[in-house]
Amino acid sequence: MVQPSSPRALLARWLSSRGKTPRADPAFLARFGYRFDAIADLVLRLYAPRLDDPDAFVLRVADLLAGAHASRPAELRAGDAEREARVAEGREPWFLEPGLAAYMAYLDRFSGDFRGFRERLPHLERLGARIVHLMPFFPCPAGNNDGGYAVSDYLGVDPRLGTVADLVEAARELHRRGLYLAADLVLNHCSDEHPWALAAKRGERRYRDYFHVFPDRAAAERYGRAMPEVFPETAPGNFTWVPELDAWVMTVFHRFQWDLDWSNPEVFVEMLGILLELANRGIDILRLDAVPYLWKREGTDCRNLDEAHDIVRLLKACADVAAPGLAFLAEAIVQPSEIVRYLDSGGVEECQLAYHASLMVLLWDALATGKTAVLSRSFGEETRLAPGTGWLSYARCHDDIGLGYDEEKILRAGFTPRAHRRFLLDFYSGRYPGSFARGRLFMEDPRTGDARISGTCASLCGLEKALEEGDRAAVDLAVKRIMLLHGLAASLTGIPLVFSGDELGLVNDFSWLDDPALADDNRWMHRPRLDPEALARSEVADTVESRVMNGIARFLRLRKDIPAFAPDAPFEVLHAQDEHLVLCLRSPKEAAAKARILVAANFTAKSRAVRFQELPAGLGAPARDLLADEDAPSVLEPGTGEIALGPYALAWIALAAPERKAGA
Ligand code: GLC
């Protein structure tokens, strides 16, 4: 290997040879200079052993960035400048703007295609969502394609959904309305029909090296001996025999999703080019799909390895140069202590947003048990945030609910971990006597007893059962539960995220069973089509759809004007004497905005009370419940120092500023 030059010398070389073109803009050159050392360092750290000429490789990356920036449309550059200026002025980054809320949907299920998308925007505006995540819309194999997460062309658009021009126009339309577009970068794997995979199958060495290929089963198994399985029921193992290659390929997810070998610098360059091109089409947030899996090392579990973090840092540093308005969202559904590393890895930027997967599970835990100890204790400990980053807080998404939380937290709450998990699985699959939930187990593994949970928010909250039984009181309770979970996602921390269909209280959709391409993946039961009739009912008073839709929209509307609910505003979980309540104190970031809010939630069907005398002194007196309306005039009981909380009730109690002691 040729010895690498110092980053400074290399930068000077690049600038004198290529950087001073008439098109290079000074802001780009400034960012480039600022990030160059980090980029060169990370490139060498990750790829030095595989590079014959590291200088040439770094210069190639530099050219790629300059090219991407040169072709970045003027309106996106103007947007970048605004986003940078806002931070320079000392304001929070654009994606942490108070009041933002997100919505995620499969385009075909939401609006048919890109053309129908525009017509659905008023629905999103009525809901109050401003970040719209359209799930993979790329060309993918016919039949089972894991909901588009097996990508055959990262820069194409699935012809059933529209064209690249439609995508660009959708982004423009969102921007005109003050909304943002989020999209997936499925970077851990591509489909076995991607041209790279096809070339590998044709015997092209260059492309075979894009994947993890093993000559025989024993070699594959030795490498993957500590790798857990993602889909043990339907896609057991982590490797697939590919006759055309006469070899085994690593396929951590499905057999048609080939893991890319990110230790190959060519894979990095390809993906960087794709990332920058997607950014140039107007995407504001890239969701890094399955990011913990990026780097593999024999004998490890191949998750969360340090190099996976280095790759994200390198991609981010590059994006910051060429498309600085872009934010990354980590899809890291791993242990809480690992999730936060994608947000805060010691001061070097990785992702700016991450799914708060642990909060999601904890909400479902509390709803099934009616007890909040696991939620209250764990939430506070697992929510640590680095400045400039935020959570997406949600009740449901398109994936299953995995019960991957710390044993220790369950133990501390007084439960036995194994029995507790079993209870939750039984409860949400409706097997537990008296359960209101109608879900199914996903990926049940008889060897370990592990399983995850499928089902829509509404069905897991009891709506499906209640409607089927024609039980109006049970319907009311189910609606209250749906509201409770969404209300907490809107007020505990972060940016609330609503999954398509949940805003209408849609129940499980069993049509998935009729489609052979979907039939072995019961996650499709909770990915319903946005039924136009249900949408119409959401505009008719007193229907379930309108109650849920208006209820969630109200949360999102009210929270916009509450400084204490800014995504990154501080919170503190208070100890509740009553083990069925959650109490969380939110404080505005600016001391000048005094109003602190006590979020209080009752996880049972019985009325309960928050006794103010039991709460820490200095909280300030409860002034007003911001959620109270004509139907529920007030939860404050004057004179008693109590807040009454009805079944599954949520209250946002504005606290009067505490009286200062004389001389304080
Ligand atoms: C992510 C997606 C999930 C998909 C997997 C493989 O976890 O959310 O739906 O199955 O990645 O791409």
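When a ligand or atom number is given, it counts from 1 through the structure's own listing order.
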Exactly one of Trp248, Phe239, Trp241 clears ring pair (Phe, Tyr, Trp, His ring centres under 6.0 Å) with Phe214, and that residue is Phe239
Chain-and-number sorted residues having a heavy-atom contact under 4.0 Å with ligand 1 are Asp146, Tyr149, His189, Phe231, Phe253, Gln257, Arg287, Asp289, Glu331, His398, Asp399, Arg523
So the side-chain hydrogen bond (donor to acceptor under 3.5 Å, both in side chains) pairs with at least one residue in residues 130-145 (sequence neighbours excluded) are Glu97-Arg130, His133-Asp184
Considering only NZ, NE, NH1 and NH2 on the basic side and carboxylate oxygens on the acidic side, decide whether Arg206 and Glu270 come within less than 4.0 Å. yes
Requested in this report: Using a strict cut-off of less than 4.0 Å between a Lys/Arg side-chain nitrogen and an Asp/Glu carboxylate oxygen, indicate whether Arg341 and Asp306 qualify as a salt bridge.
Outcome: yes
Sequence neighbours excluded, the answer for salt bridge (charged side-chain N to carboxylate O under 4.0 Å, His left out) partners of Arg523 is Asp146, Asp399, Asp521
Salt bridge (charged side-chain N to carboxylate O under 4.0 Å, His left out) filter on Arg109, not counting sequence neighbours, yields none
